[in-house]
Amino acid sequence: MTSAIQQHSASELFAHALRFENRADPYPLYEQLLRQPVARMADGSWLATGHREIGLLLRDPRISADRLNPQPQPIRKSLLMEDPPRHDQLRQVVARQFVPRVMGMRDHINALVTGLLDAHTSERPGQLDVVGDLAYPLPVTVICELLGVPREDERLFGGLARRLTRGLDPVDTQTEEEIRELQEARAELAEYLEGLITRHGADGGGDLLAGLMNGQSPDGPMDAIDLRVTLGLLLIAGHETTVNLIANGTLALLRHPDVLARLRNDPDLATPLVEEVLRHDPPVQMSGRSTLADIDIAGTTVPKGSRIRLLLAAGNRDPRRFADPGRFLPDRADNAHLGFGGGIHYCIGATLARAEAQIALTVLARRLVSPRLITDPPPYRENAILRGPEQLPVAFERLLPDSRGRQRRPPSSSPGSVVAVTAGQQDRERGALPAEIFSPTPSASEDGFPQLASRTRAAT
């Protein structure tokens with residue numbers, strides 16, 4: 001069993017990692033926490049940091065996604081917080097409507113990136129805030145189009161999103177004012193979504209909201225409460241994590257000019273590069289679960305009814321799984337990172353996030369001439385779980401016009417509608433779909449982790 005000294009040490013290290021002064025670089029603290037892959041904390045909760053241990057726990061049916069109380073509750077939760085069988089029912093309904101709309105969007109995403117950067121095109125030295133000018137507006141525009149949310153409403157839910165995601169952090173890191181703001185934000189979001197659904201009606205066109213309202217499933221149509229909760233999840237999660245992924249990827253490129261030069265000359269590098277960003281500096285640092293039974297793991301027993309945090313970002317730097325884990329290596333082989341979680345709760349938006357990041361980073365590399373960070377480290381957001389820069393100011397000698405981007409024509413159909421995609425088109429698009437997106441029982445390699453090379457070709 002773990003000694004009291006080690007318990008206190010793990011608790012203290014984790015508390016330090018959550019402090020804002022360590023937001024720019026919590027990884028040295030994670031490295032120390034990795035010495036004990038599963039540790040009991042001073043408050044009785046548990047912390048898993050090892051890559052193997054996190055992977056096993058993510059796929060263990062004795063683990064519940066209801067991280068506060070694993071017993072059934074008379075309230076509706078999003079599929080992110082549900083367990084089977086309800087989780088599987090909700091996920092299949094959402095996947096049927098969400099996934100086909102994502103396929104075939106790469107040209108449209110490229111056009112959006114081109115338009116956002118065109119506003120800053122200059123033959124003279126200038127500056128760009130990668131977060132405010134690209135990483136934030138890109139995924140917000142995409143998710144609004146997919147869901148059928150009016151773009152002008154972004155101002156309403158943008159502020160709500162920041163307050164809501166701050167609520168994901170441990171309560172003891174939040175002020176009383178932040179907790180009060182979280183409660184107010186939840187009420188405001190519910191009111192906004194109810195109004196949006198009412199205004200949208202059942203004939204809102206071919207967008208995702210209309211699909212969820214009209215789509216058929218073996219379990220019947222999605223009712224008003226499930227619709228509101230699911231819409232809120234997709235709206236917030238559909239852009240917040242991607243903002244950090246693009247910003248963290250840009251930061252990695254500017255800190256590694258040799259990799260930036262390679263990407264400029266070889267756009268195909270974007271695929272493994274984004275996977276390495278997801279490993280090296282993931283947008284989601286940790287997740288929470290609770291136990292439905294005693295679980296023996298890493299030489300200790302986590303009792304039934306325990307809360308357990310899965311420190312994904314630490315597992316991604318576990319030297320028992322990755323050689324030289326602190327280095328940013330886009331050519332890293334067998335990069336089975338935990339950036340999108342795993343098991344039945346594998347991120348349903350992973351394909352879209354990958355596509356947005358691959359395209360945004362490739363276009364930035366091609367168009368920015370002699371970019372450099374103005375401040376390193378940049379200012380970070382308060383949020384510890386959804387960790388990323390608040391701003392990312394970049395200076396450049398020139399920002400080139402993008403003739404290649406202008407020559408590409410976006411699909412003629414609405415971005416939110418179901419796009420017919422041929423198998424050949426899917427093969428050409430690197431936003432291929434892992435089986436985890438569709439299936440509650442994901443395919444896995446021999447060590448229990450998803451096979452990144454295993455892709456499903458079905459778009460509908």
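- When atom types are taken as modelled, the side chain of R309 and the backbone of M286 share no donor-acceptor pair closer than 3.5 angstrom.
- Put simply, the side chain of L227 reaches to within 4.5 Å of the side chain of L209, judged on heavy atoms.
- No option in L338, L312, L34, L56 other than L338 meets the side chain to side chain contact (heavy atoms under 4.5 Å, CB included) test with H51.
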T230/Q97 under side chain to side chain contact (heavy atoms under 4.5 Å, CB included): CA gap, chis, key distance, verdict: CA-CA 12 Å; T230 300; Q97 299 297 329; over 6 Å; no
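- Using a 4.5 Å heavy-atom cutoff, the side chains of W46 and T300 are in contact.
- Salt bridge annotation for E82-R91: absent, with no cationic side-chain nitrogen under 4.0 angstrom from a carboxylate oxygen.
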From CA spacing to verdict: salt bridge (Lys or Arg N to Asp or Glu O under 4.0 Å), D268, R262: CA-CA 10 Å; D268 288 342; R262 287 181 59 195; over 6 Å; no
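- Contacts of H16 classified as side chain to side chain donor-acceptor pair (under 3.5 Å), with partners at least two apart in sequence or in another chain: R19.
- Contact annotation: the side chain of L58 never approaches that of I63 to less than 4.5 Å [non-hydrogen atoms, C-beta and beyond].
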Stepwise side chain to side chain contact (heavy atoms under 4.5 Å, CB included) test for L117 and L128: CA-CA 9 Å; L117 291 182; L128 180 77; 4.1 Å; yes
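- A donor-acceptor pair under 3.5 Å is formed between the side chain of Q285 and the backbone N or O of P282.
- Among residues at least two apart or in separate chains, salt bridge (charged side-chain N to carboxylate O under 4.0 Å, His left out) pairs with a member in residues 384-395 are R162-E390, D281-R387.
- Using a distance-only test at 3.5 Å, with no hydrogens or angles considered, no donor-acceptor pair links the side chain of S45 to the main chain of M41.
- The closest donor-acceptor contact from the side chain of R381 to the backbone of Q391 lies at 3.5 Å or more, if one exists at all.
- The pair R101-D207 does not count as a salt bridge, with every side-chain nitrogen at least 4.0 angstrom from each carboxylate oxygen.
- We find that R228 and E194 are joined by a salt bridge, their nearest charged nitrogen and carboxylate oxygen being less than 4.0 Å apart.
- Scanning all heavy atoms of the two residues, the minimum distance from A355 to I109 falls at CB-CD1, 4.2 Å.
- Counting only heavy atoms from C-beta outward, the side chains of F328 and R255 never approach each other to under 4.5 Å.
- Of the possible polar contacts, one joining the N383 side chain to the L386 backbone as a donor-acceptor pair under 3.5 Å is found.
- Put simply, the side chain of N244 never gets that close to the backbone of P389: no donor and acceptor are under 3.5 Å apart.
- The closest side-chain heavy-atom distance from T250 to L364 is below 4.5 Å.
- Residues E145 and L112 are in side-chain contact: their nearest non-hydrogen atoms beyond the backbone lie under 4.5 Å apart.
- Ring centroids of F396 and H120 are separated by 6.0 Å or more, keeping the two rings apart.
- R367 has its side chain within reach of T121: a pair of non-hydrogen atoms, C-beta onward, lies under 4.5 Å apart.
- Looking only at distances, no side-chain donor or acceptor of H345 sits under 3.5 Å from a matching main-chain atom of G341.
- Of all the heavy atoms in L251 and P378, the pair that sits closest is CD1-CD, 4.0 Å.
- Pairing each heavy atom of T242 with each of G238, the nearest pair is OG1-O, 4.1 Å.
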Chi angles and distances behind the side chain to side chain contact (heavy atoms under 4.5 Å, CB included) call for T49, D318: CA-CA 8 Å; T49 57; D318 189 341; over 6 Å; no
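- Remark: the backbone N or O of A42 is paired with a side-chain donor or acceptor of S11 at under 3.5 angstrom.
- If you check the side chains of S370 and R372, you find no donor sitting under 3.5 Å from an acceptor.
- Note on residues 124-144: no pairs pass salt bridge (charged side-chain N to carboxylate O under 4.0 Å, His left out), not counting sequence neighbours.
- Without hydrogens or angle criteria, H87 side chain to I344 main chain gives a donor-acceptor distance under 3.5 Å.
- Side-chain atoms of T291 come within 3.5 Å of backbone atoms of S306 as a donor-acceptor pair (strictly under, hydrogens ignored).
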Pair E276-H337, side-chain hydrogen bond (donor to acceptor under 3.5 Å, both in side chains): steps then yes or no: CA-CA 8 Å; E276 180 67 348; H337 60 75; over 6 Å; no
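- Relative ring orientation between H256 and H280 is described as perpendicular, the plane-to-plane angle rising above 60° on a 0-90° scale split at 30° and 60°.
- A salt bridge links R199 with D153: the closest approach of a Lys/Arg side-chain nitrogen to an acidic carboxylate oxygen falls below 4.0 angstrom.
- The shortest non-hydrogen separation linking L260 to A365 is CD1-CB, 3.7 Å.
- Geometric assessment of R279 against the ring of F322 yields a positive cation-pi assignment under the 6.0 Å and 45° thresholds.
- The existence of a salt bridge linking R327 and D324 is confirmed by a sub-4.0 Å separation between a basic side-chain nitrogen and an acidic carboxylate oxygen.
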Step-by-step side chain to side chain contact (heavy atoms under 4.5 Å, CB included) determination, T351 to E356: CA-CA 9 Å; T351 297; E356 290 171 323; over 6 Å; no
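- In this structure, P330 and L263 have side chains that are not in contact, with every pair of non-hydrogen atoms separated by 4.5 Å or more.
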